[in-house]
Amino acid sequence: MYAFEFHRPTSLRQAASLLGKAEDGRLLAGGQSLLPMMKLRLASPGTVIDLGAVPGMTGIERKGRSLVIGAMTRHAEVETSPVVKEAIPALAHLVSVLGDPAVRNRGTIGGSLANNDPSADYPAACLALGATIVTNQRRIAADDFFQGVFTTALEEGEIIVKVVFPIPSRAGYEKFRHPASRFALAGVFVARRGGEIRVAVTGAGDSGVFRWHEAEEALKGRFAPKSLDGLTPSTEGMNSDIHADAAYRAHLVGVMARRAVERALRR
Amino acid sequence: MAADLQGDGLTRAEGSGRPPHPVDRGAVPRGGDGPVHVHRAYPHDSAHLHVQGAASYLDDLLEPEGTLHLAVGMSPAARGRIAAMDLAPVRAAPGVVRVVTAGDIPGRNDISPALGDETLLADTHVAFHGQAMFLVAATTRDAARRAARLGRIEIEAQEPSVTVEDAERRDERVLPDYAFGRGDVATALKAAPRMLEGRLRIGGQEHFYLEGQAALAIPGEDGAILVHSSTQHPTEVQHVVARILNVPDALVTCEVRRMGGAFGGKESQATQWAALAALAARVTGRPCKLRLDRDDDFALTGKRHDFRVDYRLGFDADGRVSAYDVDFLACCGHSADLSQGVVDRTMFHADNAYFLPAARVASRRLKTNTVSNTAFRGFGGPQGMLAIEKAMDDVARLTGRDPLDVRLANLYAPGRDETPFGMKVEETDTLRAIMEGLERSSGYRERRAQVDAFNAGGGWLRRGLALTPVKFGISFTLTHLNQAGALVHVYTDGSVQLNHGGTEMGQGLYRKVAQVVAEEFGIGLERVRITATTTDKVPNTSPTAASAGSDLNGMAAKVAASTIRARMAGIAAALWGVDEEAVRFRDGMVAAGAESMTFADLARACHQQRVHLSATGFYRTPNITWDRASATGRPFFYFAYGAACAEVLVDTLTGENRVTRVDILHDVGASLNPAIDIGQIEGGFVQGMGWLTTEELVYAPDGRLLTHAPATYKIPVSSDVPADFRVELFPNSARQDTIYRSKAVGEPPVMLANSVFCAIADALASLDPGRPVPLDAPATPEAILNAALALGGGR
């Protein structure tokens, strides 16, 4: 490590003010991405502001037809929460296959969303479920929030406070992990709420999480794996790297989408 | 000195093996006068230290005061002329004591094992990305590594050769082409009822020894130097250090107590780091230590050779092969290194266990601008075998026969027992007994029916089953390497010190050789102190390689011990007035008729009588005569055999797969130590499975290795070991006069993993029976899916 300023504010207002003042400040949530990046010098913020002591940022709550999760809620809490299992079991499942035990016990939903890693799991859930990301300044629809690889709609000084998930009637998540890194080569979250069907894909796109509209259309006829038979997204826009080429990723998206629908129907 | 020289663990030997392994399985039955210590499952000599973290590896040695730490300045381009090298910023970096370049080498800038084609530090040109260009000596390892990045290097870069095709286009080779064979293959192919052509690409493999490359050089007086090196070949380190420093060999001592894994990666390629440490020690006059960072180790050290194999096979309707015509195109990297022997062994195992009436086995050793590929457990053999196993599968698909029946039809048999290089296979009975024994014990036929029935269901999950043989030649094919020396001392308290030229890399060699010595003296294993391999005790050694460690060093140690025993027996015989032959050594006692005394008392008596209680032993393998130029003679003392039956489950929509059960029956002759041998078989199999399934080396077009850490390069871990894993030793006794009729075990088990590759292909074949499966190695999920798509599946 190298020298940097460290703050541990005790209110959201104080955190926002520190973030506003810092020349090159980063928020520390669970630290499962930021700290490794700092160690590798892929990130070298001059100021780190730890949100761990800010009250009111954790917790899971069902509010009417929504599930509300505080930004500093750790993955393991979501994974084991009876409220989540009851309301959106697909979300509990997603978290159970996210990262490794260390990541699940330290990492947070807010941190994951703010980081918007192109292989992260949570962005797919947010996008497919049509979640709303609530910050200290405003409410942002998931469709507007994710803006590309490691890029979000968050402005300077903006802090995610909680995430509101509308509860779907059916939802499912499936991913294919890279054998070495265990990150998703392709992860697909499907959700159905009333007549609305949304399919979100992570890990595969070259500009991060995206909605696969063609699959959504196909599932509108009948919400069944068969409706997706023969459907594969275009290789254009698919990531191609040492882990997998674009064609393989596109293929996996098709397979994972069918399996996600299957899983959604299993409940 | 305490009686328990080896620490705890020995008395509990029988019970401390892993529960599923009966300890004496496969061993020769023990009679009253039978051997006590050999053919017996003792734990590894350092097992108690390993589990306590108390076994010292090189980096654990206490550093002498003033030790400097080294880091390598690496080439930023894969091929080109060095235009400029400005190292002023490196020199100016904090903690830097000295920067060393090729100009500082007092001797020859040459670390090659033989051909003089590889520099210690690049001087005029670079030939692969990351090549060592300069060396930084600093007060800490961290300071050295930071400084090493500050060199301003300009290379007039050229397009590098990275693939077989790149090298073919340029027609660049590290060594001349070589071929051998038998009969008129072209005619035989034409005459064959059926013919197939195939092409197989086989990936390389990183050794991924847990202990990376490391060396510590300590300067002595009058130009002498002591080098601690994590090497399989201390003598080569000694020679190269002497060559680099321009001093006689006698001034250089190389020592290694143990390595944390090597797998061939420290046979020739531990030398450079030892030579760099020695050079820096010479230049600075201070002890110098170099331990490569893992990412740098990946970039700087050679791997298993990647190949393209082109083959043509003539066969009949029953799948019996009449002709095999094969070209092995090996990517050797930028220098020859050990590629002559490696690719020769690919050729020697092109037949694996099958009789090929007519054969042409040809090879090209292509020069690529990648790190120089080197020895890796199996030493080229695995690639040769995989190709013919693929061809056997192809034949099975085309004839509609069970692949096992095709294999059995082509197996070496009496009268069909000569290899393409003219050596007779003397143990065809063993080979067949292993195949048929495993066929029965694995329940192959019933499971074949189950697998076929499952696949006939037509789902996206497919099962695959394959039973493949291994026949592996034991001996260095460079005949002169088949020699070994040992040094044994008996002290007057009856304790024994043992030294030999073999190195311990975790494989249990030290333990096996100690068992031989304890057997010879009839004393407890705890009385035999094993000492570190060092060139000042046993000189002019061969590398610990070619699976030959126990065969060679066990014999040399037996010779040394029996020399001393004969002298001691002479004294006892004179004392008691009996014949020397009547004197027995057993259970710590020496006895003849009614007379007896302890081994320690006899040692003391010998000393009183001025009898020399130290001896060297020397062994050279008999009966090997290979002449490479004429491709005649007998390269191998004997063959080791084995077979494996693997079953897999493949997701044909994603390529994901799981090995669900593995049965192995393997021949180690009369095992010296069944616990260690079974460990070698299990480990070798898993390592081979990694090579063929998950371990994928990816180079960028500019020659950079992109997979250089575990996050991108996947080796098998404990959770990848098949849950149902049944390993048995084949009850056997070597036909040749090997050490206690045991057989070598280090390398052959790697190739048992061919069964996994073939089982995956078998699962895929169910998508379109009747067509060869277009699957290359490694069979990664992506490769499996592509094969499935090609066979009309995958959707």
Side-chain angles (χ1 to χ4, degrees), chain A residues 1-2 32-33 36-37 39-42 97 99-103 117 119 174-188 203-204 225-226 228-233 235 238-263, chain B residues 142 145-146 149 162 203 206 208 293 295 298 459-461 650-659 689-690 692-702 704-717 719-720 778-790 792-795:
Chain A
M1 265 310 167
Y2 57 94
Q32 296 304 293
S33 298
M37 285 198 290
K39 285 181 186 168
L40 292 168
R41 300 295 185 276
L42 295 172
V97 296
D100 55 27
V103 169
D117 185 297
S119 298
E174 279 290 338
K175 74 166 163 178
F176 188 88
R177 294 184 184 86
H178 183 263
S181 72
R182 310 303 283 163
F183 274 108
L185 282 181
V188 179
K226 258 203 155 342
L228 297 176
D229 272 0
L231 208 59
T232 297
T235 54
M238 286 292 149
N239 192 12
S240 200
D241 59 19
I242 59 170
H243 302 302
D245 67 15
Y248 185 48
R249 277 198 168 86
H251 176 90
L252 287 176
V253 170
V255 176
M256 292 303 122
R258 291 203 293 281
R259 290 183 185 173
V261 174
E262 239 168 67
R263 189 179 277 276
Chain B
D142 187 59
R145 291 187 63 207
R146 285 173 191 282
R149 304 205 166 185
V162 180
E206 160 66 26
F208 221 117
D293 174 75
D295 295 87
F298 258 86
W460 44 270
L461 286 176
V650 176
D651 178 340
T652 57
L653 296 183
T654 63
E656 206 171 11
N657 59 88
R658 205 169 65 222
V659 180
M689 188 179 81
L692 292 173
T693 57
T694 60
E695 298 185 38
E696 186 176 28
L697 293 161
V698 182
Y699 287 91
D702 70 358
R704 253 175 330 126
L705 179 63
L706 297 175
T707 48
H708 48 74
T712 47
Y713 184 82
K714 172 66 178 165
I715 59 169
V717 296
S719 58
D720 295 308
T780 60
E782 189 170 0
I784 291 170
L785 177 75
N786 287 334
L789 290 169
R795 298 186 192 285

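In what follows, every heavy atom counts, from backbone to side chain, and hydrogens, waters and symmetry copies are set aside.
Atom CZ of B:R795 is separated from atom OG1 of A:T232 by 5.5 Å, given to the nearest 0.5 angstrom.
For the options B:L706, B:L785, B:T707, heavy-atom pairs under 4.5 Å to chain A are most numerous at B:L785.
Applying the side chain to side chain donor-acceptor pair (under 3.5 Å) criterion to B:D651, with sequence neighbours excluded, gives A:R259, B:T654.
Annotation for A:F183: atom CZ does not count as buried by contact number, only 12 or fewer foreign heavy atoms lying within 6.0 Å.
The backbone N or O of A:D245 lies less than 3.5 Å from a partner atom in the side chain of B:E782, making a donor-acceptor pair. Remark: the backbone N or O of B:G794 is paired with a side-chain donor or acceptor of A:H251 at under 3.5 angstrom.
Proximity to chain A (any heavy atom under 4.5 Å) is restricted, for B:L789, to the side chain, taken from C-beta onward. Heavy-atom distances place the side chain of A:L252, and not its backbone, under 4.5 Å from chain B. Contact annotation for A:D241: neither backbone nor side-chain heavy atoms come within less than 4.5 Å of a heavy atom of chain B.
Annotation: side chain to side chain donor-acceptor pair (under 3.5 Å) contacts involving residues 177-186 of chain A, sequence neighbours excluded, comprise A:H178-A:H243.
The shortest side-chain heavy-atom distance between A:R258 and B:L653 falls under the 4.5 Å cut-off.
When all heavy atoms of A:A180 and B:P710 are compared, the pair lying nearest together is CB-O, 3.6 Å.
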